[in-house]
Amino acid sequence: MSRLPSRLHLSNHSVPSWLDRPSAWVIHLRSAILEAEMLILLTLALLIGLGAGVGAVIFRWLINTVTWLSFTVAPDVLSFMGSYYVIIIPAIGGAIVGPLIYFFAREAKGHGVPEVMEAVALRGGRIRPVVVVVKALASSICIGTGGSVGREGPIVQIGAAWGSTLGQVLHMPENRIKSFVACGAAGGIAATFNAPIAGVIFALEVIHGEFTALSFSTVVVSSVAASVVGRVAFGNVPAFIAPEYSLVSLWEYPLYAILGLLAGLLAVVFVFVLYKTEDLFDLWHFPEYLKPIVGGLIIGTIGLVFPQIFGVGYETMDKALVGDLGFGLLLALILVKVVATSITIGSGGSGGVFAPSLFLGAVMGGSFGKVVNALFPAVTASSGAYALVGMAAVFAAGANAPITAILIVFEMTGDYRIILPLMAATVIATVFARFLNKENIYTMKLVRRGVRLRRGVDVDIMETVQVHEAMSRGFDTVATALPLTDLARLFEETHHHGFPVLNDADELAGIVTLNDLQRVEPADWSRLNVDDIATKDPVIAYPDQPLAEALRMFAIHDVGRIPVVERGNPRRLLGVVRRSDVVRAYQKALARRVDMEQRVERMKLRSVSSTRFSEVDLDPDSPAVGHVIRDLALPENCLIVSIRRGGRLVVPHGGTELQAGDRVALVAAEVELADAQKCLLQTLAFAREETAYAEFDLEQDSPAVGKCIQDLKLPRDSLVVSVRRAGETHVAHGDTRLEAGDAVVVYAEQDDMMGVERALLGKT
């Protein structure tokens, strides 16, 4: 056994005592530095809170001003239209909002919170400063002209952008910028709702997802500061005026449980309709910046009959809380509000889904309360109590944020006496909605972009790999009629611990394991067959499921293998996932994450003037053969983007070993291209420079709009590198759906570039 060189061997006596046991003055100095850092962070959190509070005040003033112009001044100007003027007002707002978002900050489109979550998880909390201005203007105009959205999502995005901007200006590290984003989000909620506690919990539960002493302290300071600003501007009054409610009878608890189930169902339906409406507008070949006009016309037409859907809808919620709305109107508003909010956001408007969720909860709870109060008047509270609980339950189910929902309704109403049924219904609604749909109204938007977040903080690495990528397709099976004596011999020969069982029609009939066989006495093996001992209803997985779900199945059911079946035909066996497959898939997921990081670095190279793409073919004498990429002395502004090996494309990472016959594609600054090639080749004789780089801007009528990248008929050797959308660069995956206005970055063989252009733009 070899020994370490003596110069690397340190005994305890060789460590200086001042390092082993710091002196008192060293300890005091370190404590002072830490305390000073905490003081600096708290001071910055205070500034963020004050800024978010001021932003909330300005934002609400903008909304009130636009509302006054739209529904007080405009009726006089448009008096010739009579009451029909309300149809044109939202369309006018859409005509302003559409171009404002499209040309200046496309991330201001929609409800805002998912963009903040994505920034925290994937971009170190960095949000463009221009978002503050564009989001405030676009949302205030959208809401003020009658758009059926809320002001809370925009306030969160505005406050978060302010916190992010301050962190970037001060060149703070990423973890601090993320905390500042959470501070801004908390300040926005606290100021607009006069709910500092709920602001803190919302920021930590939904945005940051991290409950540490430091993050909690900074967010609390910011939330309190913003709330003080809000109270100075708006007064120390609750956001909603609700009578004091209490639990009339213990018999109400089952009724509140039913209300929780209905709230969970309504939240899931709302999320489904919202994103289906977005899909419909995305598939419509019409200029993106003009779609809000069409949406505004539809909203105006609905508002002509149901004016309650215009704007935030707080007045309607107040009436539901005191029971002033009729049963028929309450029922109608459930459907109308879902449609109106979905059209406003789906067509390209700007506003939040927080208030619409509260609105839906209020009218649904109010209608439910009127029914149970009519049936059981002696043991139930008035309909307003159920409207109050419904508000919290629907929001909690839609956002998967029960703690925030409970606290925010409590703080907004100042009513504690109904807190127990409020908590019960909220938790039931959240669990039921989670059972029906794993994603909430915020994360659903990110999943559709190919980004899966775990509690809004980080990308779950196993969510990036699907079951079909990890499953084994070459596997042994056994027939139902196989005698147990033959099964025992198979276990001994193959060393497997389980087999999928197929019937005479080659359909999955179950699974049999070594434990199943061992539970049978050997004397009985000769008279029994596999069908007698197999598990007939095994745990199954589908090929399009994230591997993370299969991993949870392994843990919950304590199984060693899971059959993978066709989603439409659960008897058709496609493969098997074993624990060893999961380990290999984890390596693939790590490589994919490295690929994402490399693609980000690749985008940085675009800022280098005269960037060039090149391909080199490695022969057996190439100096790079046998070496891993991280060990190559590549120039600083050079990146290996792909390796074609044996007819397949390999995504490179630092540990990828280069082999003879590899075709290596690289991108580098023009002045460093020759040096990069020399690292791979003995000479430049084998360099290939026919690879071209191009960026294509997708118009509304481009044939690629609305399609996933994997569905495009691109030339075989072409590669979509990235998609720039709304000022942000997105990693391109096969399921990335292209939108009008996208800038699609592609590199391909020069001869194939015409085919790329035809697939993306429809030109020849």
Q. Yes or no on side chain to side chain contact (heavy atoms under 4.5 Å, CB included) for V625 and L658, after CA distance, side-chain angles and deciding distance?
A. CA-CA 5 Å; V625 170; L658 298 178; 5.6 Å; no

Q: Check step by step if side chain to side chain contact (heavy atoms under 4.5 Å, CB included) holds for L712 and L738.
A: CA-CA 10 Å; L712 299 177; L738 299 179; 3.8 Å; yes

Q) Parallel under 30°, tilted from 30 to 60°, perpendicular over 60°: which one fits the rings of F435 and F432? A) parallel

Q: Report yes if some heavy atom in the side chain of P421 is under 4.5 Å from a heavy atom in the side chain of E252; otherwise report no.
A: no

**Q.** Minimum side-chain heavy-atom gap D531-K536 below 4.5 Å
**A.** yes

Q. Rounded to the nearest 0.5 Å, how far apart are CG of L266 and CG of L261?
A. 12.5 Å

Q. Say you draw a straight line from CG of L259 to CG of L422; how long is it, rounded to the nearest 0.5 Å?
A. 10.0 Å

**Q.** Contacts of type salt bridge (charged side-chain N to carboxylate O under 4.0 Å, His left out), residue E739, not counting sequence neighbours
**A.** R725

Q. Y386 vs Y256 aromatic rings, parallel, tilted or perpendicular, using cut-offs 30° and 60°?
A. parallel

Q: Identify the heavy atoms of A425 and V389 that sit nearest to each other, and give their distance.
A: CB-CG1, 3.4 Å

Q: Report the distance from atom CG of L514 to atom CG of L490, rounding to the nearest 0.5 Å.
A: 12.0 Å

Q) Is there a donor-acceptor contact under 3.5 Å from the side chain of T513 to the main chain of D516? A) yes

Q) In this structure, which one of V501, L573, L574, V577 forms a side-chain contact (heavy atoms from CB on, under 4.5 Å) with P563? A) L573

Q. With sequence neighbours excluded, what pairs up with E566 under the salt bridge (charged side-chain N to carboxylate O under 4.0 Å, His left out) test?
A. R572

Q.
What I'd like to find out is whether the side chain of T480 reaches to under 4.5 Å of the side chain of N529, using heavy atoms alone.
A. no

Q: Kindly determine whether I540 and V564 satisfy side chain to side chain contact (heavy atoms under 4.5 Å, CB included), including the steps that lead there.
A: CA-CA 6 Å; I540 59 174; V564 182; over 6 Å; no

Q) Side chains of E439 and Y275: do they bring a donor and an acceptor to under 3.5 Å? A) no

Q.
Tell me the closest heavy-atom pair linking A397 and A267, and the distance in Å.
A. CB-CB, 3.6 Å

Q | Side chains of I643 and R663 in contact at under 4.5 Å (non-hydrogen atoms) | A | no

Q) With distance as the sole test, does D662 use its side chain to make a donor-acceptor pair with the main-chain N or O of V664 at under 3.5 Å? A) no

Q: For side chain to side chain contact (heavy atoms under 4.5 Å, CB included), just list the numbers for L262 and M364, CA-CA rounded to whole Å, side-chain angles, deciding distance to a tenth of an Å, and then say yes or no.
A: CA-CA 8 Å; L262 293 175; M364 187 274 294; 4.1 Å; yes

Q. Can you find a heavy atom in the side chain of V520 that is under 4.5 Å from one in the side chain of L528?
A. yes

Q | Over all atoms of both residues, closest heavy-atom pair of N440 and G398 | A | CB-O, 3.1 Å

Q) Which heavy atom of A759 sits nearest a heavy atom of L714, and at what distance? A) CB-CD2, 3.8 Å

Q: State the CG-CG distance between D506 and D504, to the nearest 0.5 angstrom.
A: 8.5 Å

Q | Close side-chain approach of V512 to L517, heavy-atom, < 4.5 Å | A | no

**Q.** W525 side-chain N/O to L487 backbone N/O, donor-acceptor pair under 3.5 Å
**A.** no

Q) Would you say R473's side chain and V576's backbone share a donor-acceptor pair under 3.5 angstrom? A) no

Q: State, yes or no, whether a side-chain contact exists between T477 and F499 at a heavy-atom distance under 4.5 Å.
A: no

**Q.** Gap between atom CG of N503 and atom CG of L508 - 0.5 Å precision
**A.** 8.5 Å

Q. Closest heavy-atom contact between V394 and A263?
A. CG2-CB, 3.7 Å

Q) Does any non-hydrogen side-chain atom of R519 lie less than 4.5 Å from one of I533? A) no

Q) L420 and Y253: which non-hydrogen atoms are nearest, and at how many Å? A) CB-OH, 3.5 Å

Q: Check whether any side-chain N or O of T494 sits under 3.5 Å from a backbone N or O of H496 as a donor-acceptor pair, and report yes or no.
A: yes

Q: Measure the spacing between CD of Q659 and OG of S622 and express it to the nearest 0.5 Å.
A: 12.5 Å

Q) Can you check whether M423's main-chain N or O pairs, donor with acceptor, with T426's side chain at less than 3.5 Å? A) no

Q.
How about CD on E492, more than 12 heavy atoms from neighbouring residues, nucleotides or ligands closer than 6.0 Å, or not?
A. no

